[in-house]
Amino acid sequence: MSSPASPDLRRGASAPPAVPAGGTALNSPLTSRSILGMRVDVTTYADATARIMAWAQAAQSRYVCASNVHMVMETNDSAEFRDVVNGADLVTSDGVPLVWALKALGVPQAERVYGPTLMLHVCEAAAREGVPIALYGGTSESLEEFVLFLHTNYPGIEIACLIAPPFRPPTPEEDALYTQQIIDSGARIVFVGIGCPKQERWMAEHTAQLDAVLLGMGAAFDFHSGRVKQAPAAMQRLGLEWLFRLIMEPRRLWKRYAKHNPRFVGKFLLQLLAQRVIDRGRTARRS
């Protein structure tokens with residue numbers, strides 16, 4: 001069963017630019033689907049990295065969301081936040097359940113583009129092509145550990161700016177200072193690790209002020225520095241990463257998963273059923 005592509009909800013709805021000669025052609029629009037009203041793009045690590053690097057090298061103001069069930073349900077509960085995510089220039093299928101959802105919606109080639117892994121692809125390309133990056137999020141200690149990881153694994157990478165904002169909302173004065181630091185650094189890629197939905201709102205609010213690509217990365221800083229364990233690959237393939245994280249951080253995460261996961265399953269099954277009824281009606285009218 002195939003379903004029609006979702007409308008293009010990106011800011012300006014303009015096609016992304018092509019990469020320089022020798023790169024992958026990027027002037028064709030991405031296939032997308034709406035999952036409970038939130039757009040998810042069908043991409044790959046290579047395609048997403050090429051788009052991000054092309055935007056960064058052109059100093060374009062863009063932002064990228066790595067979506068999972070948590071993000072879908074946050075958008076389902078808030079029309080304002082849904083507009084934030086649907087306004088992104090790229091929304092990847094970070095969570096395995098969203099890959100399953102894309103396939104159920106008629107995109108058999110859909111694959112996972114996991115935020116922390118996409119970050120490594122982008123860092124490798126940035127180091128190779130001399131594109132400066134910035135890190136926004138975490139603590140001073142966690143950023144130092146992550147910087148060590150990056151310098152070890154991607155020699156020559158230019159880390160132009162490090163900002164560990166307070167866990168409370170920054171004051172207008174603090175926010176203006178941090179924004180100016182990023183501008184003055186010349187960073188063309190900014191990895192934002194302050195958690196969903198704060199980081200997506202931050203990116204939407206700041207993208208017009210920064211000539212850079214902003215990527216919401218959640219806990220990727222802590223994953224790669226070793227401060228937080230990632231789920232084993234087998235659990236990730238089975239879509240059970242949430243269970244591993246719940247075991248590791250039960251007090252922080254149990255309410256989130258209890259609230260979101262059952263509702264996602266029920267609501268998406270209703271969406272799928274409604275789509276099949278629509279498709280059957282269209283088929284009947286053609287015959």
Side-chain angles (χ1 to χ4, degrees), residues 38 61-88 91 94-95 115-116 119 133-150 159-185 187 189-230 242 245-246 248-261:
M38 190 193 85
S61 301
R62 305 272 186 161
Y63 69 98
V64 178
C65 298
S67 64
N68 54 20
V69 167
H70 177 208
M71 188 178 294
V72 171
M73 297 315 297
E74 290 285 348
T75 66
N76 188 252
D77 293 339
S78 167
E80 170 269 329
F81 186 57
R82 182 166 59 249
D83 289 343
V84 165
V85 177
N86 285 343
V91 183
D94 173 276
M119 183 180 196
I133 71 168
L135 305 177
Y136 183 93
T139 65
S140 298
E141 294 78 12
S142 67
L143 287 179
E144 288 176 6
E145 293 176 9
F146 185 49
V147 166
L148 178 61
F149 167 87
L150 290 176
I159 304 172
C161 184
L162 299 174
I163 298 174
F167 287 98
R168 58 168 170 77
T171 66
E173 294 76 18
E174 289 171 332
D175 185 67
L177 175 63
Y178 299 149
T179 303
Q180 193 61 48
Q181 287 176 352
I182 296 172
I183 293 171
D184 292 344
S185 75
I189 297 171
V190 182
F191 295 107
V192 185
I194 54 177
C196 175
K198 289 194 297 182
Q199 64 194 16
E200 288 74 29
R201 289 191 169 106
W202 186 93
M203 292 190 296
E205 290 168 1
H206 292 80
T207 184
Q209 303 173 58
L210 301 169
D211 296 329
V213 185
L214 316 179
L215 292 88
M217 289 290 105
F221 299 178
D222 287 338
F223 285 156
H224 294 314
S225 65
R227 293 172 71 92
V228 175
K229 289 184 178 180
Q230 294 193 71
W242 67 270
R245 295 194 66 189
L246 178 61
M248 300 302 295
E249 300 181 83
R251 290 186 178 181
R252 187 175 76 86
L253 296 175
W254 77 268
K255 287 185 179 179
R256 175 197 299 181
Y257 294 138
K259 176 184 179 183
H260 291 323
N261 290 13

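All residue numbers refer to positions in the sequence shown, counting from 1. Reckoned from all heavy atoms, side chains included, excluding hydrogens, waters and symmetry mates. Given the structure is predicted, the values throughout are model-derived calculations rather than measurements.
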*Please assess V228 against R245 for the test side-chain contact (heavy atoms from CB on, under 4.5 Å), listing each intermediate value before the final yes or no.*
CA-CA 9 Å; V228 175; R245 295 194 66 189; 5.8 Å; no
*So how far is it from Y136 OH to Q181 CD, rounded to the nearest 0.5 Å?*
10.0 Å
*asked:* According to salt bridge (charged side-chain N to carboxylate O under 4.0 Å, His left out), who are the partners of R252, at least two apart in sequence or on a separate chain?
replied: E249
_Taking the side chain as everything from C-beta on, heavy atoms only, tell me whether V69 gets closer than 4.5 Å to W242._
no
*Not counting sequence neighbours, which residues clear side chain to side chain donor-acceptor pair (under 3.5 Å) with Q180? List them please.*
D184
*Shortest non-hydrogen contact between I194 and G137, atoms and distance*: CG2-CA, 3.8 Å
_Results of salt bridge (charged side-chain N to carboxylate O under 4.0 Å, His left out) for E173 - residues two or more places apart only_ = none
_Please report the interatomic distance CE(M71) to CE(M38), rounded to the nearest 0.5 Å._
6.5 Å
*For H70, check side chain to side chain donor-acceptor pair (under 3.5 Å) against everything at least two apart and list the hits.*
E74
_To the closest 0.5 Å, what do you measure between CD (E200) and SG (C65)?_
5.0 Å
*State whether the side chain of S61 and the backbone N or O of T207 hold a donor-acceptor pair below 3.5 Å, judged by distance alone.*
yes
Using a 3.5 Å cut-off and no angle test, enumerate the donor-acceptor pairs between side-chain atoms of residues 214-226 and protein atoms at least two apart in sequence or in another chain.
{"unit_1": "H224", "atom_1": "NE2", "unit_2": "P116", "atom_2": "O", "d": "2.8"}
{"unit_1": "S225", "atom_1": "OG", "unit_2": "F221", "atom_2": "O", "d": "3.0"}
{"unit_1": "S225", "atom_1": "OG", "unit_2": "D222", "atom_2": "O", "d": "3.3"}

*Once you round to the nearest 0.5 Å, how far does OG of S185 lie from CD1 of I163?*
7.5 Å
*Is the closest side-chain donor-acceptor distance between H206 and D175 under 3.5 Å?*
yes
_For a quick test of reading the model, state the closest non-hydrogen atom pair linking V91 to V85 and the distance between them._
CG2-O, 3.6 Å
*Calculate, to the nearest 0.5 Å, the distance between atoms CD1 and CZ belonging to I159 and F146 respectively.*
7.5 Å
*Closest heavy-atom contact between C196 and F81?*
SG-CZ, 4.1 Å
*What's the shortest heavy-atom distance between L253 and L246, and which atoms?*
C-CD1, 4.1 Å
_Atom of A212, atom of I189 and distance for their closest heavy-atom approach_ = CB-N, 4.2 Å
*Please confirm whether the backbone N or O of V72 pairs with a side-chain atom of T75, one donor and one acceptor, at under 3.5 Å?*
yes
_Contacts of S142 that satisfy side chain to side chain donor-acceptor pair (under 3.5 Å) - sequence neighbours left out_ = T139
*asked:* Please give me the minimum heavy-atom distance between A66 and G115, naming the atom from each residue.
replied: CB-CA, 4.0 Å
*Give the C-alpha distance, both sets of side-chain angles, the deciding distance and a yes or no for side-chain contact (heavy atoms from CB on, under 4.5 Å) between R201 and E80.*
CA-CA 10 Å; R201 289 191 169 106; E80 170 269 329; 2.7 Å; yes
*Mind checking the CE-CG spacing from M203 to L210? Nearest 0.5 Å is all I need.*
11.5 Å
_Flag side-chain contact, heavy atom, 4.5 Å: H260 against D77_ = yes
